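Report on one structure; see the data block that follows.
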Amino acid sequence: MTKPLLTMRHVRELFPISGGFFGRTVGYTRAVDGVDATIGKGQTLGLVGESGCGKSTLGRIAVKLLDPTEGFVMFEDIDLSKAEGASWKELRPQMQMVFQDTQSSLDPRMTVESTVAEPLQLVGMKRGSELYETVASLTLRVGLNLDHLNRYPHELSGGERQRVVIARALATNPRFVVLDEPTASLDVSVQAHILNLLKDLQRAFSLTYLFISHDLSVVRFMSDDVGVMYLGKIVEIARTEPIYATPLHPYTRALLAAIPIPDPTLRKQRLVLGGDVPSADSPPPGCRFHPRCPWAAAICSEEEPKLRGIITEHRAACHFAEQFKDQPVYVSSNGG
């Protein structure tokens, strides 16, 4: 991996649960529960998992929209929890976030020009004709034309709105961008254009991404490394190709088993998970995945597995991860 730009260590985010007549705290939702991850400069870490596993919460922590209950986030050698005042003002433009719902993340009363110009004005970077030229350049760079500058969000398609959101995120010349399900609400053909745009922008501006999605095919296309989350924890993390070729955690294997294969010469191991995802308010003891795991044994309900190295640069939190090292997900349909 290249030199880290962002490092998360022992990150926890606990949301209090109120109850009773006086609204006292009676428990906590463990949205993120002890995450360690590193993103190299110019690289993309893809984060996948079912809804409610903590992906978006972790993304907000990464750009300091939320402060972690425990743990810390380092942006190069700066601890974000200690960044405040002038140092935070200087650091803030270097981190941006692209949200999934463009309809709610854009102000319906603001034109495209005003939307893209706003972050530049807030940080005092551009004024007058220089401001317009920068906004126009960014608008063209994301695949829109100058006619879009005077339009409002309701006059744009979903793909056009997402391009506006991307342009706004790029306005402050950031180094790190969190992409939270940036194509989830778009048609497949539009998704492809947006994903290619994001890759082009990453190369052009040396951007570092945290790419959050539930679509494993999209994550594979975008990512250098992939982390799989389940109930607030990363259960497997590795370089992209190894994790797709030979996943070492049963949950990852189940997710990959659900992806259609375009190659008729290959078949997949069938793996259907039973039960529902447990509540993050009261996760099960031991391995959180054990109530749904086909390979669960007694130790799985008693002892929580650590996220440990199984193969070089490939870590998994499973007591029996070694047994999957020689079991690829895809095998020849003719048995060869």
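Since this is a predicted model, take the numbers as computed values, not measurements. The basis for the numbers below is simple: all heavy atoms, side chains too, and nothing from hydrogens, waters or symmetry mates.
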Side-chain donor/acceptor of S213 to backbone N/O of D215, under 3.5 Å: yes
Pair listing, ring pair (Phe, Tyr, Trp, His ring centres under 6.0 Å) test, anchored in residues 204-241, at least two apart: Y230-Y251, Y230-F289
Are L14 and I61 connected in a single hydrophobic cluster, I mean Ile/Leu/Val/Met/Phe/Trp/Tyr linked by side-chain heavy atoms less than 4.5 Å apart? no
Can you tell if the side chain of E241 reaches within under 4.5 Å of the side chain of I243, non-hydrogen atoms only? no
Heavy-atom pair with the smallest gap, counting every atom of T139 and N145: CG2-O, 3.8 Å
Step-by-step side-chain contact (heavy atoms from CB on, under 4.5 Å) determination, E313 to I311: CA-CA 6 Å; E313 295 187 334; I311 308 173; over 6 Å; no
Hey, any chance L216 and V277 share a hydrophobic cluster, counting ILVMFWY side chains that come within less than 4.5 Å of each other, even indirectly? yes
Whether Q191 side chain and T183 backbone form a donor-acceptor pair below 3.5 Å: yes
Can you measure from SG (C53) to CG (L231) and round to the nearest 0.5 angstrom? 8.5 Å
Look at the side chain of T208 and the backbone N and O of G42, then say whether any donor-acceptor pair between them is shorter than 3.5 Å. yes
Is it the case that the side chain of H319 and the backbone of E303 share a donor-acceptor pair, with hydrogens and angles ignored and the cut-off at 3.5 Å? yes
Salt-bridge test for R253 and E236: reply yes if a basic N is under 4.0 Å from a carboxylate O, no otherwise. no
Look at D180 together with K55 and state whether they make a salt bridge at an N to O cut-off of under 4.0 Å. no
Does this structure show an ion pair linking E76 with K41, if we count only N-O contacts that are shorter than 4.0 Å? yes
Rounded to the nearest 0.5 Å, how far apart are NE2 of H249 and CD1 of I310? 10.5 Å
Do V135 and M110 share a hydrophobic cluster, counting only Ile, Leu, Val, Met, Phe, Trp and Tyr and linking them when any side-chain heavy atoms are less than 4.5 Å apart? no
Distance col, row L248:CG vs I237:CD1, nearest 0.5 angstrom, shows 13.0 Å
Drop me the distance from E160's CD to L144's CG, to the nearest 0.5 angstrom. 6.5 Å
Smallest heavy-atom separation, A62 atom then V178 atom, equals CB-CG2, 4.3 Å
Considering only heavy atoms from C-beta outward, does the side chain of I39 approach that of L5 to under 4.5 Å? no
Under the criterion side-chain hydrogen bond (donor to acceptor under 3.5 Å, both in side chains), I'd like the reasoning laid out for S189 against D187: C-alpha separation, chi angles, the key distance, then a yes or no. CA-CA 6 Å; S189 59; D187 293 337; 5.5 Å; no
State whether D281 and R30 are salt-bridged, where the test is any N-O pair (Lys NZ or Arg NE/NH1/NH2 against Asp/Glu carboxylate O) under 4.0 Å. no
Would a 4.5 Å heavy-atom cut-off, applied to side chains only, mark I212 and Q100 as touching? no
Side-chain contact test, heavy atoms from C-beta onward, threshold under 4.5 Å: evaluate it for Q323 versus W295 and give yes or no. yes
Q96 and T172: side chain donor to acceptor below 3.5 Å: yes
Assigning hydrophobic clusters by single linkage (Ile, Leu, Val, Met, Phe, Trp, Tyr; side-chain heavy-atom cutoff under 4.5 Å), is M74 placed with I78? no
Side chain T252, main chain P247, donor-acceptor under 3.5 Å: no
Please indicate whether R24 has more than 12 foreign heavy atoms, meaning atoms of other residues, nucleotides or ligands, lying under 6.0 Å from its CZ. no
List the steps, then state whether side-chain contact (heavy atoms from CB on, under 4.5 Å) holds for V11 with V73. CA-CA 8 Å; V11 172; V73 180; 4.2 Å; yes
Taking all non-hydrogen atoms of both residues into account, name the closest pair between D200 and R141 and its distance. O-NH2, 4.2 Å
Determine, step by step, whether L6 and T38 satisfy the side-chain contact (heavy atoms from CB on, under 4.5 Å) criterion, reporting the C-alpha distance in whole Å, the side-chain angles of both residues, the deciding distance to 0.1 Å, and the verdict. CA-CA 6 Å; L6 192 90; T38 300; over 6 Å; no
Side chain S137, main chain E133, donor-acceptor under 3.5 Å: no
Can a donor-acceptor pair be found, under 3.5 Å and without considering hydrogens, that links the side chain of S223 to the backbone of V219? yes
Same hydrophobic cluster for I17 and V32, using side-chain heavy-atom links shorter than 4.5 Å among ILVMFWY? no
Write down the atom of Y28, the atom of P16, and the distance for their closest heavy-atom approach. CD2-CA, 3.7 Å
Would you say D224's side chain and T44's backbone share a donor-acceptor pair under 3.5 angstrom? yes
Can you find a side-chain donor-acceptor pair between S114 and T111 that sits under 3.5 Å? yes
Measure the CG-OG1 distance between L65 and T57 for me, rounded to the nearest 0.5 Å. 11.0 Å
Would the distance check show the side chain of S301 and the main-chain N or O of A298 forming a donor-acceptor pair, the cut-off being under 3.5 Å? yes
Under a 4.0 Å threshold between the charged nitrogen and the carboxylate oxygen, would E84 count as salt-bridged to K64? no
Atom pair CG (D225) and CZ (R239), whose distance is rounded to the nearest 0.5 Å: 4.5 Å
Any donor-acceptor pair under 3.5 Å linking the side chain of R161 with the backbone of L156? yes
Taking all heavy atoms of G159 and all of L186, pick out the closest pair and write down the distance. N-CD2, 3.7 Å
May I ask you to say whether K233 pairs ionically with E13, meaning some side-chain N is under 4.0 Å from a carboxylate O? no
Do L106 and Y152 make a side-chain contact, defined as non-hydrogen atoms from C-beta onward lying under 4.5 Å apart? no
What residues, two or more places apart in sequence or in another chain, satisfy side chain to side chain donor-acceptor pair (under 3.5 Å) together with E118? none
Do V112 and N150 come close enough that some side-chain heavy atom pair is under 4.5 Å? no
Under the criterion side-chain hydrogen bond (donor to acceptor under 3.5 Å, both in side chains), I'd like the reasoning laid out for N196 against H193: C-alpha separation, chi angles, the key distance, then a yes or no. CA-CA 5 Å; N196 284 319; H193 288 297; 5.7 Å; no
Quick one, Q202 with V177, criterion side-chain contact (heavy atoms from CB on, under 4.5 Å). Give me CA distance, side-chain angles, the key distance, then yes/no. CA-CA 10 Å; Q202 183 174 36; V177 182; over 6 Å; no
Counting heavy atoms not belonging to R203, are there more than 12 under 6.0 Å from its CZ? yes
Closest heavy-atom pair, G286 versus P305, reported as atoms and distance to 0.1 Å, is C-CD, 4.4 Å
If we only count heavy atoms from C-beta on, is the V142 to L197 side-chain gap below 4.5 Å? yes
